[in-house]
Amino acid sequence: MYRIKFRYAQAMASERMMQAIGTLERAVGRLEQDVARLVAAPPPSSPSSGEPDMDVDGARAALRSLDELIADLKGRTIG
């Protein structure tokens, strides 16, 4: 009986992990689209209100890092 409960709990945890990974993937996809739109947008004609410009290289590095994290998490849940 204990094994059945353990397997059920393990399956539920795996399912929740896959749902979390899917949520992360969708969020990363939206971020990638937002970054692409911001990069493609023309610069404002007036000086910014003291806000720093977007760090495009930093944003891309952060997205790559998230992609790697998602791939790592997927590898852990498949096995």
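Values below: every heavy atom of this structure, side chains too, minus hydrogens, waters and symmetry copies.
- With contacts defined as side-chain heavy-atom distances shorter than 4.5 Å, the pair Val35/Glu32 does not qualify.
- Taken to the nearest 0.5 Å, the CG atom of Leu73 stands 10.0 Å off from the CD atom of Glu25.
- Under the rule for a side chain to side chain donor-acceptor pair (under 3.5 Å), the partners of Arg37 that lie at least two apart in sequence or sit in another chain are Asp34.
- Applying the salt bridge (charged side-chain N to carboxylate O under 4.0 Å, His left out) definition to pairs two or more places apart or across chains, none involves residues 14-23.
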Taking only distance into account, with no hydrogens and no angle test, what donor-acceptor pairs under 3.5 Å do side-chain atoms of residues 62-71 form with protein atoms, sequence neighbours excluded?
none

